[in-house]
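The structure appears right after this line, and notes come after that.
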Amino acid sequence: MMWAKVRSLASGLVRRRRLEDEMAEEIRLHIDARARDLVRSGLEPDAAWRRARLEFGAVERYKEEVRAARGLRLVDELRADLTCGLRALRRAPGFTAVAAVSLALGIGANTLVFTLVDAALLRPLALPESHRLVTVWNIPDTTKPDRLGTHSITRYVAFKDLTRSFESVAAHNGLACGIKSLGFAEDGIPPERVLGQTVSPSMFRTLGVEPMLGRTFTEAEDQVDQLAPVVVLSHRMWQRRYASDGNIVGKTIVLDRQPTTIIGVMPERFNFFGEQVEFFVPLCLTRAQVESRVGANTVIARLKAGVTVEQAQTEIDALGERLAATDPVHHRGFGAKVESLQRSATRSAGTGGDYGSALLMLQGAVGVVLLIACANVAGLLLARTAARRTEVALRQAIGASRPRMVRQLVTETLPLALLGGGLGMVLAWGGLRLFVRTAPPDFPRVQDVSIDLRVLSFTAIVALVTALVFAVLPALQASRTHVTGALKESSRGATAGRQRIRHALVVGQIALALLLLVGAGLLLHSFARVVGNELGADPTNLLTFDFRLPARESYKQIGMFGSSGLFEVSAVPANTVERVLQRLETVPGVQSVAATNTPPFGGSSADVPFRIDGRAEPSSAISVAGAASRPTVMRVAITRGFFQTMKVPLRGGRDFDQRDIATAPFVVIINETMARQYFSGEDPVGQYLRFDSLPNEQPRQIVGIVGDTLVGPFQASHQPAVYVPHLQQTSLAAGPTVFMRIGMYFVVRTLGDPMAIVPNIKRAVAEVDRATPIANAGTVEQTLDAQVRSLRLYTWLLGLFGAVAAVLAAVGIYGVVAHSVTERTREFGVRMALGARRADVLLMVLSRATRLIAAGLVLGLANAIAFSRVLEANLFQVTATDPLTYMAGSILLLLVAAIASTVPASRAAGLDPIVALRHD
Amino acid sequence: MGDEAALLPGTLDVLILKSISLAPEHGYGVLLRIQQITGGALLVEQGALYPALARLEHQGLLASEWGTSDNNRRAKYYRLTAAGRRRLKSETERWERLALAMSRALRAQEA
């Protein structure tokens with residue numbers, strides 16, 4: 001029967017005209033037939049027809065009932081309501097504009113942020129059954145469970161062999177053997193350094209991806225100390241460098257100066273490791289790595305069907321405890337965290353930023369904006385339905401039921417919701433285009449960001465829900481009207497209850513707007529601090545690039561040092577760097593050039609324990625983990641000319657120069673903080689210090705003091721640092737520091753645009769070493785900019801939303817004050833006639849507005865203090881209760897709200913009393 | 001006309017189904033037939049017929065088509081569908097049960 005009804009309704013709608021005609025005809029025929037019968041029984045034709053007509057009853061009423069029976073009445077009513085709504089909108093353009101724009105801003109902002117949230121957090125990864133994929137993080141310090149890190153090989157193997165929750169376990173490592181990128185070289189194509197990943201043989205199987213061509217690694221290719229000479233290419237690399245050669249599998253190329261065979265190519269849609277990663281080689285397992293306590297391996301696993309993340313976590317925790325007892329060297333003191341791969345992917349490995357929580361915070365912020373916008377529209381609608389009380393009462397008097405009235409009032413607001421939603425979509429689309437162009441490149445799946453069906457439905461739902469929410473409230477209010485009372489009164493005269501609601505809405509709006517403004521202000525303040533952080537060097541016109549020799553040729557392991565490997569480093573990398581340095585000095589356009597082993601402002605540092613000669617050994621307790629609490633210092637290896645190139649001032653003594661080579665007495669330069677902390681009151685120049693990390697260290701003389709520089713813009717305070725000439729590093733290296741010995745970061749101060757001389761630099765370097773290309777050539781300013789890019793993005797976005805919120809709140813208070821002025825016009829007329837001056841009227845209007853604004857500000861401040869804690873993680877040198885920001889935000893909002901209330905107030909003051917008295 | 005009891009609600013539908021079951025009929029004809037089979041004992045307000053017919057058609061119990069009547073005039077004829085027949089049968093049974101129960105109850109009091 002349901003289906004029959006649907007069909008009947010559909011045909012009724014489609015053939016409406018015919019239905020109406022048929023209905024009219026049928027009734028007419030009925031009356032005619034009855035009339036004929038009456039004539040047959042003796043009446044006159046006219047009288048018969050009239051009698052038949054009377055007997056039939058109220059034709060229109062029955063027609064209406066037929067329409068109702070066919071389900072058409074509902075449709076008719078809806079259509080009428082919608083038309084009414086549209087007409088009302090056209091008749092009040094001011095109302096429509098404000099309401100629609102408010103909605104558009106709220107909905108547009110929400111759509112924009114939801115699209116980002118969807119792309120980063122919600123949309124499943126493009127991997128089969130991605131909900132079963134997890135990352136197993138290492139917790140290097142169990143007292144800080146939020147700091148997540150990577151595993152040693154031993155731990156990876158333990159997870160692989162000893163757990164039962166996983167179908168398969170794999171590991172990948174971007175830094176194994178110290179190389180993030182390898183030099184691809186073959187005849188005809190210029191050599192280049194390409195970014196890649198080392199992966200365990202189980203990686204592709206765990207992720208669920210098959211190679212497009214060839215195969216991936218086997219277990220046999222995953223042996224310790226025997227890096228199999230095989231490589232798998234990404235689709236992009238295959239297209240770009242090998243011109244999509246279908247016969248590429250089996251070809252031998254020169255990779256890091258070793259002949260290597262290409263064994264496979266990954267499909268195009270596989271970009272789990274990011275667009276930049278273009279090749280895969282087996283995990284580089286050295287004996288040192290296998291025995292080391294630490295490692296840079298990220299473990300990914302696929303849960304068995306039916307196993308949850310929590311269950312896996314429990315198993316891993318239990319396993320961890322067992323292992324800590326049986327193998328404390330490798331497992332004691334570590335924890336592990338199992339997390340869905342989707343969530344892990346939002347943690348930006350490079351900058352340590354967590355896009356996930358930042359995005360959710362933004363979603364909260366735009367939710368607040370939407371609330372403010374809805375409050376605006378609700379207030380406007382309240383005012384409008386108040387003006388329609390007479391009409392509503394009339395309709396109810398002639399028979400409309402309360403549900404019908406509510407339905408009508410709600411339906412009339414649908415066009416407004418649709419208009420606002422449509423405008424909001426347009427805004428969001430524009431905003432997204434802008435975002436994709438300016439977003440940080442490590443934003444998760446930025447290339448996938450686009451408005452799609454899910455977002456469209458989200459917006460539609462938001463629009464409809466806001467329509468319901470802000471229409472139902474005034475509708476219920478309006479239809480509760482006491483009918484006769486409303487009919488008797490004139491249409492003005494808001495009840496106290498309605499006004500109270502509007503006032504409450506405005507206070508809420510101002511409070512929420514202040515909340516957002518304070519949040520934005522805190523971020524802005526923090527950002528200013530970050531950007532204004534004195535770097536200690538001049539980053540302009542500085543080119544930087546990475547020059548690195550193959551790891552395999554530069555060092556070899558000769559034993560163990562504690563729990564890390566001990567390596568002997570060859571002199572070749574350092575000598576090559578010297579030769580490159582000398583060659584580069586003569587390149588035209590180069591003002592000065594130098595090199596360092598830590599990327600300039602790159603944010604990393606190597607801390608080394610040290611001792612100052614001639615001082616008593618500080619009595620320090622050796623901690624459980626084996627690291628002594630001896631003082632450590634950041635150690636940087638540099639070439640001569642470094643401080644000159646970076647424009648770091650020399651504060652005492654001398655800089656490194658040509659004399660400081662491997663066979664000369666060992667010297668160091670310290671920075672001001674080091675001098676201040678360890679040599680206060682004495683002259684450090686001439687004293688000796690010694691590094692305590694390796695057996696063959698010798699005393700080094702301090703020959704100079706330089707100004708402090710920052711490791712990165714987010715560094716809060718200066719740290720002591722020691723600079724050594726790179727040629728005077730010892731031939732031994734322990735653990736991961738060996739990776740810093742095989743190449744250096746060059747910095748070149750140029751006379752003009754740094755990027756312009758890159759080709760010359762490349763040629764010059766090739767002259768010295770044809771087989772080693774430079775990598776990551778860019779300006780230092782770009783590096784700095786990239787580091788603050790996500791902070792800048794969030795500051796910008798939150799600032800934008802705060803401004804929008806303030807504007808919306810201002811509109812809200814304008815509406816309330818204007819409405820109140822309109823209602824009290826006659827009253828003002830009376831008062832002015834009785835002697836009140838313009839200023840008095842102004843004061844009367846403003847006093848209520850001021851009360852509202854004050855209440856809103858107080859409420860807002862209280863909320864801000866409570867909620868700003870959320871931002872704490874993102875703030876730099878600014879507390880969550882920074883008084884300057886709170887004051888600035890309050891004053892700004894106060895000004896905006898004051899202006900918004902003054903405009904209608906001055907209108908009230910400018911009234912002509914006679915006109916006012918006549919106003920109704 | 002003598003006393004005519006007002007039509008009990010819900011009875012109009014089953015009366016229409018019954019009268020159409022005898023043969024397809026147009027609106028006026030249904031009216032006449034109802035008056036005939038109830039012996040004029042139940043009043044049918046004439047116009048009320050049409051919403052009822054529309055409702056039954058909407059529910060799929062009746063089907064309609066235009067044709068010509070016996071005196072060569074156009075008329076919209078209604079006939080029962082299979083579902084309509086089933087409904088008539090079940091309603092008839094229901095009424096009979098109800099009438100039996102009511103009469104038993106009322107008789108019992110008298111005795």
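The figures here come from the full heavy-atom set of this structure, side chains too, leaving out hydrogens, waters and symmetry mates. We name chains A, B, ... by the order of the sequence lines, and we start the count at 1 in each one.
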- Task: Please check if atom CD in B:E93 has more than 12 non-hydrogen atoms from other residues, nucleotides or ligands closer than 6.0 Å.
- Result: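 Yes, the 6.0 Å shell around CD holds more than 12 heavy atoms from other groups.
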- Distance in Å, B:H58 NE2 paired with A:K5 NZ, rounded so as to fall on 0.5 Å steps: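 So the NE2 of B:H58 and the NZ of A:K5 are separated by 5.5 Å.
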- Message: Heavy-atom pairs under 4.5 Å with chain B: which of A:G12, A:S11, A:A33, A:A58 has the most?
- Response: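 Most heavy-atom pairs under 4.5 Å with chain B: A:A33.
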- Item | Residue selection (most heavy-atom pairs with chain B, distance under 4.5 Å) from A:D32, A:I31, A:D37, A:L9 |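 If we count pairs closer than 4.5 Å to chain B, A:D37 comes out on top.
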- Residues which pass ring-ring contact (aromatic ring centres under 6.0 Å, His included) with B:Y28, listed by chain and number, not counting sequence neighbours: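 With neighbours one apart ignored, the set is A:H30.
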- Message: Are there residues of residues 73-82 of chain B whose heavy atoms fall under 4.5 Å of chain A's heavy atoms? If so, which?
- Response: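 Residues B:R73, B:R74, B:A75, B:K76, B:Y78 are the ones that qualify, each having a heavy atom under 4.5 Å from chain A.
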- Heavy-atom contact with chain A under 4.5 Å, split by part of B:L56: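 Answer is neither: B:L56 stays 4.5 Å or more from chain A.
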- chain B neighbours within residues 65-79 of chain A, where any heavy atom lies under 4.5 Å away: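 Only A:E65, A:V66, A:A69, A:R70, A:G71 of residues 65-79 of chain A have a heavy atom under 4.5 Å from chain B.
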- Applying a criterion of heavy atom separation less than 4.5 Å, what residues of residues 19-29 of chain A form contacts with chain B?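 Contacts with chain B: A:E22, A:E25, A:E26, A:L29.
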